[in-house]
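Numbering of residues begins at 1 and proceeds along the displayed sequence.
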Amino acid sequence: MTRGGDWSETARSAMVAQNRTGAAMHRLAFLAAFAVTAATASAQTPLSAEDFDRLTQGRTLMFFSEGEAYGAERYKPGRRVVWTFLDGKCKDGHWYQQGEFICFVYEGVATPQCWTFFANGAGLSALFEGRQDGTELYEAGEADEEFICLGPDVGV
């Protein structure tokens with residue numbers, strides 16, 4: 001999911017602060033994944049829906065971008081997902097294949113978020129809308145524990 005819309009930079013800052021624990025492990029995973037650059041990704045074949053489902057279902061994956069934690073996604077049966085920027089706010093959604101893209105539709109977000117996913121020795125990598133100049137994500141491994149989704153306006 002790209003930043004913007006209902007999710008602010010404040011949420012991004014909170015997410016980075018919450019991820020101090022275990023950051024070293026995630027940074028090492030990121031550095032390993034970083035070895036697979038966008039140029040390498042462009043030479044690979046994008047994942048099909050079947051391959052993507054096989055590699056993700058039942059897992060909760062952490063994603064990094066530009067050396068920082070970006071978010072996490074829980075992959076459920078039936079192509080259902082839960083996304084978080086690790087700020088306590090979660091979005092339920094689902095995914096589908098559209099050409100070479102795996103597109104995600106999240107509650108409250110009008111525009112599908114479409115990514116080209118690739119599998120490599122370090123895990124998954126993804127390019128937003130398949131653009132070499134777009135956001136690039138790297139799998140930083142599975143979450144050590146389930147992420148927390150707070151209810152609406154908790155503590156207000």
Side-chain angles (χ1 to χ4, degrees), residues 1-9 11-12 15-16 18-19 25-149:
M1 166 170 234
T2 60
R3 296 222 155 76
D6 298 334
W7 297 13
S8 68
E9 276 302 307
R12 181 173 182 266
M15 174 271 308
V16 171
Q18 284 187 347
N19 284 306
M25 180 195 75
H26 292 297
R27 290 210 189 280
L28 288 174
F30 168 75
L31 290 174
F34 188 73
V36 180
T37 64
T40 303
S42 67
Q44 296 178 342
T45 302
L47 290 176
S48 67
E50 293 76 20
D51 289 336
F52 182 76
D53 196 38
R54 179 178 47 79
L55 292 169
T56 59
Q57 192 177 136
R59 298 175 71 197
T60 300
L61 300 178
M62 302 286 298
F63 289 98
F64 271 52
S65 179
E66 298 181 5
E68 293 186 9
Y70 187 86
E73 191 142 48
R74 182 180 309 133
Y75 296 91
K76 299 176 167 186
R79 297 184 175 182
R80 294 177 303 122
V81 295
V82 179
W83 171 263
T84 181
F85 284 117
L86 303 173
D87 59 357
K89 298 176 184 175
C90 299
K91 295 281 187 182
D92 290 317
H94 67 276
W95 65 268
Y96 61 92
Q97 184 172 7
Q98 181 177 323
E100 70 176 20
F101 300 121
I102 302 294
C103 298
F104 298 84
V105 177
Y106 298 97
E107 64 182 19
V109 180
T111 306
Q113 309 292 304
C114 295
W115 299 82
T116 305
F117 279 88
F118 304 93
N120 56 63
L124 298 178
S125 61
L127 291 173
F128 184 65
E129 296 180 341
R131 298 188 321 231
Q132 294 297 322
D133 63 344
T135 301
E136 186 169 8
L137 301 181
Y138 300 95
E139 177 188 337
E142 289 195 55
D144 295 332
E145 52 192 55
E146 288 296 317
F147 52 78
I148 298 171
C149 298

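Pairing each heavy atom of Ala119 with each of Leu47, the nearest pair is CB-CD2, 3.9 Å. Closest heavy-atom contact between Thr84 and Cys90: CB-SG, 3.9 Å. Of all heavy-atom pairs spanning Phe101 and Gly130, the tightest one is CE2-N, 3.5 Å. Nearest heavy atoms, Ala72 versus Met62: CB-SD, 3.8 Å. Among all heavy-atom pairs drawn from Phe118 and Gln44, the shortest one is CB-OE1, 3.0 Å. For the residue pair Arg79 and Ala49, the shortest heavy atom distance occurs at NH2-CB, 3.4 Å.
For the pair Tyr75/Val82, no side-chain contact is recorded, criterion being any heavy-atom separation below 4.5 Å from C-beta on. Between Leu124 and Thr56 there is a side-chain heavy-atom pair separated by less than 4.5 Å. Phe63 is listed as a side-chain neighbour of Trp83, based on a closest heavy-atom distance under 4.5 Å. In this structure, the side chains of Tyr106 and Gln113 come closer than 4.5 Å at one or more pairs of heavy atoms. Between Cys103 and Trp95 there is no side-chain heavy-atom pair separated by less than 4.5 Å. At least one side-chain heavy atom of Pro112 sits under 4.5 Å from a side-chain heavy atom of Tyr96. No side-chain heavy atom of Ser125 sits less than 4.5 Å from a side-chain heavy atom of Leu137. Taking the side chain as every heavy atom from C-beta outward, Leu86 and Tyr70 never approach each other to under 4.5 Å.
Under the side-chain hydrogen bond (donor to acceptor under 3.5 Å, both in side chains) criterion, Glu145 pairs with no residue, sequence neighbours left out. In this structure Gln57 satisfies the side-chain hydrogen bond (donor to acceptor under 3.5 Å, both in side chains) test together with Asp53, sequence neighbours excluded.
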Worksheet item: Please walk me through it: do Glu142 and Leu61 pass side chain to side chain contact (heavy atoms under 4.5 Å, CB included)?
Response: CA-CA 4 Å; Glu142 289 195 55; Leu61 300 178; 3.8 Å; yes
Item to complete: List the steps, then state whether ring pair (Phe, Tyr, Trp, His ring centres under 6.0 Å) holds for Phe52 with Phe117.
Response: CA-CA 8 Å; Phe52 182 76; Phe117 279 88; 4.6 Å; yes
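Under the side chain to side chain contact (heavy atoms under 4.5 Å, CB included) rule, Arg59 has a single partner from Arg74, Glu73, Glu139, which is Glu139.
Put simply, CG on Asp51 and CD1 on Ile102 are 9.0 Å apart, with the number rounded to the nearest 0.5 Å. With rounding to the nearest 0.5 angstrom, the CG atom of Leu127 is 13.0 Å from the SG atom of Cys114.
For the residue pair Glu136 and Tyr138, a side-chain donor N or O sits within less than 3.5 Å of a side-chain acceptor on the partner.
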